[in-house]
Protein chains: 2
Amino acid sequence: MGIKERRAREKEQLRQQILSAARELFVNEGYENVSMRKIASKIEYSPTTIYLYFKDKADLLDSVCQETLLNLLNTLEQLKRDINDPVERLKKSGRAYIAFGLKYPQDYKLTFVVRPQFQEGLRLQEGSIGKKVFDYLHEIVSECIQQKIFREVDVETTGQVMWSAVHGVTLLLIDFPDFPWTEEDTLIDTVIHTTIQGLKA
Amino acid sequence: MGIKERRAREKEQLRQQILSAARELFVNEGYENVSMRKIASKIEYSPTTIYLYFKDKADLLDSVCQETLLNLLNTLEQLKRDINDPVERLKKSGRAYIAFGLKYPQDYKLTFVVRPQFQEGLRLQEGSIGKKVFDYLHEIVSECIQQKIFREVDVETTGQVMWSAVHGVTLLLIDFPDFPWTEEDTLIDTVIHTTIQGLKA
DNA sequence: ATGGTATAATTAACAGTGTTAAGTTAAATA
DNA sequence: TATTTAACTTAACACTGTTAATTATACCAT
């Protein structure tokens, strides 16, 4: 009975091999400049083998991004345990989100900029990791409103405003590293602080 | 002596024809889904003719982008003349900026996301239109601070915070069109309003 | 151990891409 | 009218993602 399991294990192993080859190439050379043949040759399989494990190139990208999202989610969940005050949690979470983006800039862009472009009609599916990340943000914001710390704007909008701010500054810092930014941490803190203040007022 | 001029005029005319055919296709079908052959057939020339006028497909998109950025700049300059109150001007400018991004998502992404990545070490080039757009923002923010409407944060940081907000929401709306956003205009207004409030407080 | 079977991986091919080199047509000059 | 020059097209190359058909491999029952 162990044979089927070993087989499944081997299959999973190859899947992971494809996945990590794809990530490395996507990150280093850009999604568009990476062909299925290039990925295949990296792992020394024929190009079509990949199609036995992933529907198409976009699906492969999607799987790579799911992994990234999972990493992000874990980073955030870690914070939830340690902090009680919702505003403080929101601040720290925002910082953590941005820090994650800056630590893995190419993975961040792959997930939040490239993937949507090539996975047309991508929505936040129920149960998906992306949904969970957003739910996490949603939850904190929700608490801030319940405790009457934020003014009465509906939860959805408030969360989306917060997301816009952190997403925006993350991408700007990634894409224009040579721009004369004010000191990085200052900028990040000011973005978060300003947004939170704006939501209070 | 008029012949050379007529020829030059005709050449410029075809260049414009290519440009506007490309714009229309890029806007309607997305840069990735538009082939050189498709553009060529739209203007009833052979595909290779385009290469007599533009270096490659990226250059074609770049030219489209420059034109539209110029439009944006003109739109903003118009606002400057019509509105006196700096806060009101900032609001309207933010909305115009976002509206531009949503109308020409490929242009916007090319300028502010894709190009910086592939032209490593690229700053907003001195004299470029992108730079001028940022300078414009800088100028308004500067006035808001001078008039003591905004709290005392230095001009650079304030401008960058504002940019982060509009950049963020623009990209999110472009990249996740199927996300369950609150009504688009509501979100945009709230982002701008929140950021401005946060900068006042 | 051998024949059959399911599964995994490959080869060959299609229709399309951006782009270049070579060839052709048309127009302006001498 | 012949020649030069500019504009444009044809044919081709080296790719791309992806599918159908085919081969090789590993397992199972006899």
Side-chain angles (χ1 to χ4, degrees), chain A residues 1-19 21-23 25-26 28-65 110 114-122, chain B residues 1-19 21-23 25-26 28-65 106 110 114-115 118-119:
Chain A
M1 240 313 88
I3 286 174
K4 265 210 148 67
E5 293 174 7
R6 197 210 62 211
R7 279 243 177 165
R9 214 163 49 232
E10 279 174 0
K11 247 194 109 137
E12 182 54 29
Q13 213 166 331
L14 180 49
R15 210 191 108 96
Q16 282 301 325
Q17 215 179 325
I18 296 171
L19 223 48
R23 152 162 283 122
L25 287 171
F26 287 163
N28 290 330
E29 315 196 8
Y31 176 74
E32 313 203 41
N33 304 316
V34 174
S35 68
M36 297 301 259
R37 287 168 175 83
K38 208 181 254 177
I39 299 170
S41 108
K42 192 179 174 70
I43 57 170
E44 296 178 296
Y45 277 79
S46 84
T48 49
T49 299
I50 300 175
Y51 288 90
L52 301 174
Y53 294 80
F54 300 93
K55 185 176 156 292
D56 52 25
K57 198 185 172 190
D59 181 39
L60 186 48
L61 172 60
D62 195 58
S63 299
V64 168
C65 292
L110 222 46
V114 177
R115 179 184 59 140
Q117 184 158 18
F118 291 92
Q119 271 273 15
E120 218 140 326
L122 178 79
Chain B
M1 242 311 91
I3 285 175
K4 267 209 148 67
E5 295 173 6
R6 196 210 64 211
R7 286 264 227 165
R9 215 164 47 234
E10 279 174 359
K11 248 197 110 143
E12 182 53 30
Q13 213 166 331
L14 180 48
R15 211 191 107 95
Q16 282 302 324
Q17 215 178 326
I18 296 171
L19 223 48
R23 152 164 295 118
L25 287 171
F26 287 163
N28 290 332
E29 317 196 7
Y31 178 73
E32 311 289 332
N33 305 316
V34 175
S35 68
M36 297 300 260
R37 288 167 174 82
K38 209 182 254 177
I39 299 170
S41 107
K42 191 178 174 69
I43 57 169
E44 296 178 297
Y45 278 79
S46 85
T48 50
T49 299
I50 300 175
Y51 288 88
L52 302 172
Y53 295 81
F54 300 92
K55 187 177 156 290
D56 52 26
K57 196 186 173 190
D59 181 40
L60 186 49
L61 176 56
D62 192 54
S63 299
V64 169
C65 168
Q106 297 300 330
L110 177 83
V114 176
R115 205 163 34 174
F118 284 97
Q119 300 216 359

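Every chain is numbered from 1, with letters handed out A, B, ... down the list of sequences. What's counted below: heavy atoms across the whole structure, side chains too, no hydrogens, waters or symmetry copies.
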Let me confirm one number: the CD-CD distance from B:E10 to B:Q17, rounded to the nearest 0.5 Å.
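If we round to the nearest 0.5 Å, B:E10:CD and B:Q17:CD are 11.5 Å apart.
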What is the nucleic acid contact for B:Y53, judged by heavy atoms within less than 4.0 Å: base, sugar-phosphate only, or nothing?
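The residue B:Y53 makes sugar-phosphate contact but no base contact.
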Test side chain to side chain contact (heavy atoms under 4.5 Å, CB included) applied to A:T48 - qualifying residues, sequence neighbours left out
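Listed in chain order: A:S46.
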Looking only at side-chain N and O atoms, does B:S46 come under 4.0 Å of OP1 or OP2 in D:dT9?
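True: B:S46 side-chain N/O within range (under 4.0 Å) of D:dT9 OP1/OP2.
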Taking 4.0 Å as the cut-off, does a side-chain nitrogen or oxygen of A:T49 come that near to OP1 or OP2 on C:dT10?
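It does, given that an N or O in the side chain of A:T49 lies less than 4.0 Å from OP1 or OP2 of C:dT10.
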Applying side-chain hydrogen bond (donor to acceptor under 3.5 Å, both in side chains), name anything that partners A:R23, two or more places apart in sequence or on another chain.
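Residues passing side-chain hydrogen bond (donor to acceptor under 3.5 Å, both in side chains) with A:R23: A:E67, A:T68, A:D107.
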If the condition is side-chain hydrogen bond (donor to acceptor under 3.5 Å, both in side chains), which residues does A:E12 pass it with, not counting sequence neighbours?
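Here the qualifying residues are A:Q16.
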Tell me: [atom1] of [X] to [atom2] of [N], nearest whole Å?
{"X": "A:D59", "N": "D:dT18", "atom1": "CG", "atom2": "C1'", "value": "14 Å"}
{"X": "A:K11", "N": "C:dA6", "atom1": "NZ", "atom2": "C1'", "value": "12 Å"}
{"X": "A:E29", "N": "D:dT16", "atom1": "CD", "atom2": "P", "value": "11 Å"}
{"X": "B:I50", "N": "D:dC8", "atom1": "CD1", "atom2": "P", "value": "12 Å"}

In residues 35-45 of chain A, which residues come under 4.0 Å of DNA chain D by heavy atom?
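Contacting residues: A:S35, A:M36, A:R37.
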Can you list every side chain to side chain donor-acceptor pair (under 3.5 Å) pair that touches residues 55-65 of chain A, not counting sequence neighbours?
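Qualifying pairs, neighbours excluded: A:D62-A:R115.
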To the side chain of A:K57, which of D:dT18, C:dT10, D:dT10 is closest?
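The answer is D:dT18.
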Which nucleotide sits closest to the side chain of A:L52: D:dT9, C:dT10, D:dG17?
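Taking heavy atoms from C-beta onward, the closest nucleotide is C:dT10.
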B:K42: partners by salt bridge (Lys or Arg N to Asp or Glu O under 4.0 Å), with sequence neighbours left out
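Scan of B:K42 (salt bridge (Lys or Arg N to Asp or Glu O under 4.0 Å), adjacent residues dropped) gives B:E24.
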